[in-house]
There are 2 protein chains.
Amino acid sequence: MNIRTLCLGILHFRDATGYEINKAASEGSFSHFVMASYGSIYPTLTKLETDGLVSCREETEPGKPTRKVYSLNEEGRSALIEALSQEPRGDVFKSEFLFLSLFSNLLDPAHISSAVDQQIARVRDEINHLEEACEKCSKHASSRFAIGYGKAVNAAALDYLLKNRHRIEQSGKRNENEYEPPLQEVMG
Amino acid sequence: MNIRTLCLGILHFRDATGYEINKAASEGSFSHFVMASYGSIYPTLTKLETDGLVSCREETEPGKPTRKVYSLNEEGRSALIEALSQEPRGDVFKSEFLFLSLFSNLLDPAHISSAVDQQIARVRDEINHLEEACEKCSKHASSRFAIGYGKAVNAAALDYLLKNRHRIEQSGKRNENEYEPPLQEVMG
DNA sequence: CTCGTCATATATCGTTCCTATATATATCAG
DNA sequence: CTGATATATATAGGAACGATATATGACGAG
């Protein structure tokens with residue numbers, strides 16, 4: 001999903017500045033399943049305005065930098081619905097942690113343990129964050145559905161990490177892991 | 001994680017061509033937590049060779065296109081270990097499906113149902129794929145750990161989808177969902 | 001027997017998007 | 001008063017994706 005649709009989607013819920021869109025995408029409850037950064041958001045908003053899908057008003061309060069507040073117009077709303085009517089593509093999941101785990105027998109055991117600890121901490125943070133978000137969205141069924149999905153998935157990840165971390169930490173049993181698989185086995 | 005490290009990592013397990021690296025990254029068991037495409041793999045392999053981290057031999061079989069088979073050398077192995085020694089960043093999860101689900105009250109119910117069906121199908125495919133991969137990697141503890149993580153997470157997602165799909169399908173009870181939340185609630 | 005399709009294999013163009021940084025102001029803590 | 005944090009806009013530079021072009025062999029459908 002492109003940043004264009006993301007911006008339209010966020011602006012559907014409320015008028016917002018580029019800064020606020022970035023916050024929604026990287027800290028808010030959107031952040032669990034989207035990604036965006038200033039480098040894409042600001043140019044996209046400019047483009048969206050020249051394309052006539054959003055309008056922009058400048059709010060100038062004395063002594064403060066000018067805020068450019070964008071709002072979705074009817075054309076933008078249509079464009080959003082059209083974009084959402086495409087078949088969604090499959091989820092994207094990338095994990096440096098799991099990639100690293102493949103090479104656990106090459107690395108310092110302390111580094112592996114630390115990586116696992118941090119992974120667990122991140123998953124716990126995510127769950128807490130989702131918990132909070134859930135309370136704030138109590139009235140919006142769709143948000144609760146998306147947040148619930150995140151909670152279910154992260155709870156499973158946490159459980160798995162706690163129960164299986166020993167399998168890459170291998171507490172001194174290095175030899176079991178010396179077998180190096182040919183790529184067929186690793187490739188499927 | 002950059003494509004450079006990904007290539008080094010895959011070449012650690014076995015010598016491979018660009019084509020095979022792409023396969024490993026987009027169909028093999030690596031595919032559950034990495035992403036790569038030809039547009040990044042081929043230039044990266046060329047760069048890796050000029051940087052002296054991999055060596056390349058051309059295998060020319062008569063009547064077939066030349067294969068460029070890359071293999072990791074000692075310098076490449078060191079570079080891999082150094083890259084893996086950095087603290088891994090948090091996982092990246094992007095879901096067009098969950099984004100779409102936020103707007104379920106704007107969209108054709110049939111489209112939502114179809115999207116859910118397809119999401120369920122994709123998750124089931126993923127689980128089957130991981131199941132197969134697991135059997136092939138039976139001797140490699142680290143691979144089994146990473147695959148197990150994927151299975152746990154996808155199983156949770158499947159379970160959630162089956163039990164909660166009605167919450168965005170809302171079978172005729174449109175009114176419950178007409179409340180439109182201010183962005184604060186959606187942003188957390 | 002030929003035609004289309006799929007698997008193997010390399011390569012690159014154009015576009016999208018991320019990372020990092022620069023700039024500016026206000027506030028709050030130490 | 002100094003540094004950190006939050007608000008807010010903007011862009012340069014590079015990384016990576018998505019799509020496509022090219023070429024060959026194999027294999028089944030018609």
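As a basis for the values below, the full set of heavy atoms in this structure was taken, side chains included, without hydrogen atoms, waters or symmetry mates. Reminder, nothing fancy here: chain letters follow the sequence lines and each chain counts from 1.
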- Item | Under-4.0 Å side-chain N/O to phosphate OP1/OP2 contact, B:R89 with C:dT19 | yes
- Message: Students often get this wrong, so: under 4.0 angstrom with heavy atoms, is A:T17 touching a base, only sugar-phosphate, or nothing?
- Response: sugar-phosphate
- Message: Could you check whether B:E27 pairs with B:K23 (Lys NZ or Arg NE/NH1/NH2 to Asp/Glu carboxylate O, under 4.0 Å)?
- Response: no
- Closest to side chain of A:R67, choosing from C:dC17, D:dA8, C:dA9: D:dA8
- Of the nucleotides D:dG18, C:dC18, D:dA10, which has the atom closest to the A:Y38 side chain? D:dA10
- Message: In this structure, how many angstroms lie between the C1' atom of C:dT16 and the CE atom of A:M35, rounded?
- Response: 14 Å
- Message: Please report the distance, rounded to the nearest Å, between CE in B:M1 and C1' in D:dC17.
- Response: 15 Å
- Task: Scan B:R4 against the nucleic acid and name what it touches under 4.0 Å (heavy atoms): base, sugar-phosphate only, or nothing.
- Result: nothing
- Sugar-phosphate, base or nothing in reach of B:G18, heavy atoms under 4.0 Å: sugar-phosphate
- Message: What is the separation between atom CD on A:E59 and atom P on C:dT25, rounded to the nearest whole Å?
- Response: 20 Å
- Task: Taking only the side-chain heavy atoms of A:K68 (C-beta and beyond), determine which of D:dA16, D:dT20, D:dT9 contains the nearest atom.
- Result: D:dT9
- Message: Under 4.0 Å, counting only non-hydrogen atoms across every strand here, what does B:T44 touch: a base, just sugar-phosphate, or nothing?
- Response: nothing
- Message: Does a side-chain N or O of A:Y42 approach OP1 or OP2 of D:dA10 to a distance below 4.0 Å, or not?
- Response: no
- Which comes earlier along DNA chain C counting from the 5' end, the contact point of B:K94 or that of B:P43, where each point is its nearest nucleotide? B:P43
- Of all heavy-atom pairs linking A:L130 and A:G150, the shortest is CD1-C, 3.6 Å
- Query: Quick one: B:I41 CD1 to C:dC13 C1', roughly how many Å, whole number?
  - Reply: 17 Å
- Any chance you could lay out the side-chain contact (heavy atoms from CB on, under 4.5 Å) test for B:L98 and B:F93, step after step, and finish with the verdict? CA-CA 11 Å; B:L98 289 180; B:F93 177 65; 4.0 Å; yes
- Query: Does B:S40 have a side-chain nitrogen or oxygen under 4.0 Å from the phosphate oxygens OP1 or OP2 of D:dA16?
  - Reply: no
- What integer distance in Å separates A:E58:CD from D:dT9:P? 9 Å
- Query: Taking only side-chain nitrogens and oxygens of A:K23, does any of them come within less than 4.0 Å of OP1 or OP2 of D:dA8?
  - Reply: no
- Query: Roughly, in whole Å, what's the span from CG in B:N2 to P in D:dC17?
  - Reply: 11 Å
- Query: Less than 4.0 Å between a side-chain N and a carboxylate O, is that true for A:E20 and A:R14?
  - Reply: yes
- Task: Kindly point out which of D:dA8, C:dC18, D:dG18 is positioned nearest to the side chain of A:Y19?
- Result: D:dA8
- Message: Can you tell whether the side chains of A:R165 and A:D117 come within less than 4.0 Å, N to carboxylate O?
- Response: yes
- Note on the structure: To the nearest angstrom, the NZ-P distance between B:K47 and C:dT12 comes to 16 Å
